[in-house]
Protein chains: 2
Amino acid sequence: MDISAKTKDDQSPTAGGERLTKQKKVLAQIIDSSDSFQSAQDIFALLRARGENIGLTTIYTQLKLLAAQGGLDFMKSESGETLYRKCSTARHHHHLVCRGCGTTIEIEPPGFEEWADRVSKENHFYDISHVIEITGLCEKCFPRHSKY
Amino acid sequence: MDISAKTKDDQSPTAGGERLTKQKKVLAQIIDSSDSFQSAQDIFALLRARGENIGLTTIYTQLKLLAAQGGLDFMKSESGETLYRKCSTARHHHHLVCRGCGTTIEIEPPGFEEWADRVSKENHFYDISHVIEITGLCEKCFPRHSKY
DNA sequence: GTAATTGCAAAGGATTTGCTCTGGT
DNA sequence: ACCAGAGCAAATCCTTTGCAATTAC
């Protein structure tokens with residue numbers, strides 16, 4: 001039971017170095033060449049078909065990693081799969097505004113940008129822009145916050 | 001191999017009869033008394049804690065059934081669970097508008113209303129209302145749809 | 001009595017983990 | 001050589017299915 005040498009939380013920034021493997025290149029290429037959302041399984045199947053065999057585990061690991069680093073957008077499909085797509089460059093924030101005192105809180109609808117992109121594309125709309133505005137009364141401005 | 005008698009798609013309205021079981025009542029009560037989204041597992045745990053033991057399978061079955069009949073709203077959590085909540089009465093539509101010719105297409109951001117409710121509640125905002133506006137150029141109004 | 005329903009046990013499907021081997025630098 | 005990364009096998013988690021026992025009507 002040697003528990004001494006286990007500095008598991010070695011978060012040294014840009015520590016030793018990240019390695020550019022063949023698998024990473026292939027994945028990067030696939031992600032980059034698609035504008036739509038794909039699941040790890042999708043990519044796995046695609047690669048098998050294409051001849052190149054990369055382990056499912058690796059795909060899962062890399063996609064998750066990339067998403068965590070903010071390099072990929074992701075969302076859940078209705079069937080339960082996690083779908084990934086290259087990051088939408090834009091991405092701005094939206095706000096929750098109190099119509100009483102003007103207090104503003106920054107909010108981020110999960111997957112909204114992606115959804116908007118997709119719906120727009122499905123309907124053949126281009127050069128998109130959007131606005132989300134949620135207004136309400138904050139705690140201080142709300143008459144009498146009995147229940148809730 | 002008797003495939004004859006299988007009228008599986010027996011959609012006869014109020015056909016033979018649906019049975020009101022103890023389990024269904026309990027579930028209805030639980031769903032009705034909560035304003036937030038809960039997973040089958042959540043409800044299962046809740047019931048165990050409360051003493052009443054209803055099978056997980058039954059909970060899954062009923063929730064899915066109710067959702068299919070439109071009696072429940074549902075969404076996927078980030079962790080992959082399906083969350084259910086009693087139907088929101090309100091619910092209005094939003095639009096995708098072409099700023100060139102004004103063409104309007106009705107759209108429905110999946111889970112947006114629920115999300116807005118939740119974020120608002122989390123930030124202690126009440127008496128909420130919101131607007132979503134996506135504008136763009138439809139196929140006819142877009143200069144030259146080269147790529148995309 | 002009879003079909004609808006329950007719920008255990010087991011199957012399924014997505015994703016993660018343990019761990020050893022491989023390959024990048 | 002050294003360690004990040006690959007990937008097989010097995011484990012997890014949520015959900016569905018098979019099916020015998022139960023129960024509402």
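Naming convention: chains lettered A, B, ... in sequence-line order (proteins, then strands); numbering from 1 in each chain. Not measured: the values here are computed from a predicted model.
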Handout entry: Side-chain touch Thr82(A)/Leu63(A), heavy atoms, less than 4.5 angstrom
Key = no
Completion exercise
Scoring nucleotides 15-25 of chain D by protein non-hydrogen atoms under 4.0 Å (B base, S sugar-phosphate only, - none) yields BBB-----BBS
Exercise for the section: Whole angstrom is fine here: how far is it from CZ in Arg48(B) over to P in dG7(C)? Expected result: 12 Å
Handout entry: Closest non-hydrogen atom pair between Glu81(B) and Ser39(B), with its separation
Key = OE2-OG, 3.2 Å
Handout entry: Whole-Å gap separating P (dG7(D)) and CD (Glu52(A))
Key = 11 Å
Exercise for the section: Check the distance between dA14(C)'s P and Gln38(A)'s CD and give it to me in whole angstrom. Expected result: 16 Å
Handout entry: Min side-chain heavy-atom separation Gln23(B)-Gln62(B) under 4.5 Å
Key = no
Practice task
Report the C-alpha separation of Lys25(A) and Leu20(A) in whole Å, then their side-chain angles, then the decisive distance to 0.1 Å, and conclude whether the side-chain contact (heavy atoms from CB on, under 4.5 Å) test is met.
Solution key: CA-CA 7 Å; Lys25(A) 286 180 201 159; Leu20(A) 184 46; 3.7 Å; yes
Problem - Whole angstrom value for the distance that separates P of dC13(D) from CD1 of Ile59(B) - result: 18 Å
Practice task
List the steps and the verdict of side-chain contact (heavy atoms from CB on, under 4.5 Å) for Ile54(A) and Ile43(A).
Solution key: CA-CA 10 Å; Ile54(A) 291 185; Ile43(A) 295 181; over 6 Å; no
Practice task
To the nearest Å, give me how far apart CG (Leu65(A)) and P (dT16(C)) are.
Solution key: 12 Å
Exercise for the section: State, yes or no, whether a side-chain contact exists between Arg48(B) and Asn53(B) at a heavy-atom distance under 4.5 Å. Expected result: yes
Practice task
Would you mind reading off the distance between Lys24(A) atom NZ and dG23(C) atom P, rounded to a whole angstrom?
Solution key: 16 Å
Practice task
Can you pull out how bent the helix from dG1(C)-dC25(D) to dT25(C)-dA1(D) is, comparing the axes over its first five and last five pairs, to 10°?
Solution key: 20°
Practice task
Please tell me if the side chains of Glu52(A) and Val26(A) come closer than 4.5 Å, counting only heavy atoms from C-beta onward.
Solution key: yes
Problem - Distance below 4.0 Å between Gln23(A) side-chain N/O and dG23(C) OP1 or OP2 - result: no
Handout entry: salt bridge (Lys or Arg N to Asp or Glu O under 4.0 Å) partners of Lys64(B), counting only residues at least two apart
Key = none
Exercise for the section: For Phe44(A) and dT15(C), give me the distance from atom CZ to atom P, rounded to whole Å. Expected result: 13 Å
Exercise for the section: Determine the contact category for Asn53(A): base if any of its heavy atoms lies under 4.0 Å from a base atom, sugar-phosphate if only primed atoms, P, OP1 or OP2 are that close, otherwise nothing. Expected result: sugar-phosphate
Problem - Ser33(B) (side chain) donor-acceptor with Ile30(B) (main chain) under 3.5 angstrom - result: yes
